[in-house]
Amino acid sequence: MDHFFPTIFFGSQEDSLIILKKILTLPYLTIKLVVTQPPRPAGRKKLLTPTPVGKFAQDKNLPLLTPQKLDFKNQQKINQIQPALGILAAYGQIIPVQTIKAFPRGIINIHPSLLPRLRGPTPVAQAIFNGQKTTGTTLFLLDEKIDHGPVIAQKKTAINPKDTRESLTERLFFLGSQLLEEKLLDFLTGKVNPKPQNHQRATFTKLLSRENGYIEVEKIKKALSGNHNLTNKIERKIRAFNPWPGTYTLINNQRVKIISAHQKNQNLKIDLIQFPGRRPIPWNKGLDQSLFQ
Amino acid sequence: MEIITAPSPVLTKVSSPITNIDLKTFRLGKQLISSLTDKGVGLAAPQIGKNKTVFIIRLPQQEAQLFINPAITGHSKKKQYSLLLEGANHHQEDYQPQPFLEGCLSLPHLYGTVKRWAKIEACWFNNKGRKVKKTLNGLEAIIFQHELDHLKGLLFPQRVKKEGGQFFQEKNGQLEKISHQEANF
């Protein structure tokens, strides 16, 4: 079996699976190990839950590693496999340089933006929030700096007016799976040479917290009554933060989540809201409209 | 199943890979084998109306082989026209090597010269769903490239035209040279 490219996959999200499933269809790669984040408490009952990638690997009987950290011990496990290639999609941890060095052909990252634009952890949310018309997916080789390595291939896609972070992320990883299918073999056989990024043009994104999802009531009121600028911004923010970290406002000191909204002419129209511990409900049934008069 | 002949959109579409190799895949393989007529040496799934990356190759006097999600991972340096050596009488005075002609069950009566790699490194999933990697030569290498083209929505006349090759048409059992304009499909 050593004439296939022994490959280690790194990924943790539902969207990582789009890439892993594609890799499994490629006859010239052999998945030797799947590396994912350890199971974490999730849901109301805080049950220890494996990542979607962890669950998939268990179901498919793929060898699995779930390190808290890629330390010396885990590094040795990787070295033992003697991988040729790594493929990483939404793993959620920084890969140490020593680990990258264990891969003669490098580790390919599938990043959901057109690098060097939107480096960092939240490129999809940022692209929607910015109001960009297009974004894309980049295949590049990991190096010692974040989202900084040379680019193997890129593909563009339009951002639809209804795209949320969730829908766009899924589409961008699907695009990444197509790119892998089209370009990976060319890269492995030396027909495509990775090109350095233009670092002068790099832009960066930050990790989002729940607090970043706060929208002031005053601003919502203005948007509802037709402030076009605010309407645009708020509507984009709601889509960019959906499903995580979500957007909310404070009404009578209660955290009211704003799940979805749309624009009508100049006005913001809120569709779904959610009170703490309740199900989402339509806006017009949920609130005393006079609060916003 | 009936073999689809050009022009047909299913022959020019890019086929999608098999994501789960299961009974359905093997059924498709069987359909390909049963659809391959005596004079064919290979058949790709689009030729029976399925845009999936599967084909079969049946070399003379051999069992048909199934190729799932095939790919070429390496090849000889230059593409070239192959020569037909079998059956030729080398000692005859007026002996001239004949070019190897490609034909296609989806393009009856049309033949042409196509440049191919003489040697390829190929890999695929076999009829047991296992990965295989092999070096292919000669006829098998040519057929593999021809069938792989089908999965990309390419038919051999496109290559003949691009490379300035020669078309032939079969008429009453005889091969006649025809121009690129005459080779309509």
Side-chain angles (χ1 to χ4, degrees), chain A residues 1-7 9 14-33 52-53 56-57 59-63 83-85 87 89 104-105 108 152-153 155 170-171 173-192, chain B residues 13-22 24-26 28-29 44-45 50-57 65-79 117 119-136 140-141 144-145 147-149 151-154:
Chain A
M1 289 295 275
D2 57 342
H3 33 241
F4 296 103
F5 289 97
T7 303
F9 178 77
E14 196 67 44
D15 297 305
S16 315
L17 281 180
I18 301 172
I19 303 298
L20 179 56
K21 285 178 183 168
K22 173 59 77 184
I23 296 171
L24 290 169
T25 72
L26 303 174
Y28 42 87
L29 296 186
T30 302
I31 296 285
K32 290 285 191 186
L33 183 68
V53 172
F56 179 85
D59 291 348
K60 292 268 175 185
N61 273 326
L62 297 168
L85 178 74
I87 296 180
R105 306 304 307 262
I108 297 177
I152 297 168
K155 218 172 190 170
E170 189 185 331
R171 200 159 75 249
F173 276 100
F174 178 72
L175 215 60
S177 75
Q178 286 181 324
L179 271 177
L180 273 180
E181 188 174 5
E182 291 164 12
K183 303 288 183 196
L184 181 58
L185 194 53
D186 285 347
F187 165 70
L188 291 171
T189 54
K191 284 183 187 164
V192 165
Chain B
K13 228 175 110 177
V14 178
S15 289
S16 53
I18 301 279
T19 45
N20 272 319
I21 299 177
D22 54 16
K24 248 169 90 183
T25 320
F26 301 125
L28 175 58
K50 307 270 165 68
N51 279 115
K52 287 282 166 195
T53 55
V54 177
F55 61 69
I56 57 161
I57 291 180
Q65 271 195 83
L66 182 61
F67 298 77
I68 301 165
N69 295 352
I72 295 176
T73 54
H75 51 75
S76 42
K77 260 195 182 153
K78 259 189 163 179
K79 287 189 178 181
W117 291 302
K119 189 171 151 185
I120 55 172
E121 289 274 322
C123 56
W124 62 89
F125 293 88
N126 69 8
N127 62 346
K128 295 189 175 74
R130 294 248 170 81
K131 285 174 193 169
V132 182
K133 179 163 179 166
K134 227 175 135 183
T135 305
L136 306 181
E140 199 175 10
F144 190 98
Q145 292 168 71
E147 302 306 335
L148 195 62
D149 277 351
L151 309 185
K152 294 175 181 160
L154 277 174

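When reading the values below, keep in mind they use all heavy atoms of this one structure, side chains included, and skip hydrogens, waters and symmetry mates. Quantities reported herein were computed from a predicted structural model and do not represent experimental measurements. We name chains A, B, ... by the order of the sequence lines, and we start the count at 1 in each one.
By the neighbour-count criterion of 12 heavy atoms within 6.0 Å, atom CZ of Phe26(B) is densely surrounded, having more than that number from other residues, nucleotides or ligands. Sparse packing is recorded around CZ of Arg130(B), with 12 or fewer heavy atoms of other residues, nucleotides or ligands lying under 6.0 Å away. Within 6.0 Å of NZ in Lys79(B) there are more than 12 heavy atoms belonging to other residues, nucleotides or ligands. Lys183(A) NZ: 12 or fewer foreign heavy atoms inside a 6.0 Å radius. The environment of CD in Glu181(A) is crowded: more than 12 heavy-atom neighbours from other residues, nucleotides or ligands sit within 6.0 Å.
With a threshold of 4.5 angstrom between heavy atoms, Leu29(A) approaches chain B through N, CA, C or O but not through any side-chain atom. There is no contact between Ile21(B) and chain A, counting heavy-atom distances below 4.5 Å.
Residues Lys131(B) and Phe4(A) meet the side-chain proximity criterion, which asks for heavy atoms closer than 4.5 Å.
The two residues Ala71(B) and Leu185(A) make their nearest non-hydrogen contact at CB-CD2, 4.0 Å.
Separating the CD atom in Glu121(B) from the OG1 atom in Thr189(A) is a distance of 11.5 Å, to the nearest 0.5 Å.
Residues of residues 16-26 of chain A having a heavy atom under 4.5 Å from any heavy atom of chain B, listed by number: Lys22(A), Leu24(A), Thr25(A), Leu26(A).
With sequence neighbours excluded, no residue satisfies side-chain hydrogen bond (donor to acceptor under 3.5 Å, both in side chains) with Lys77(B).
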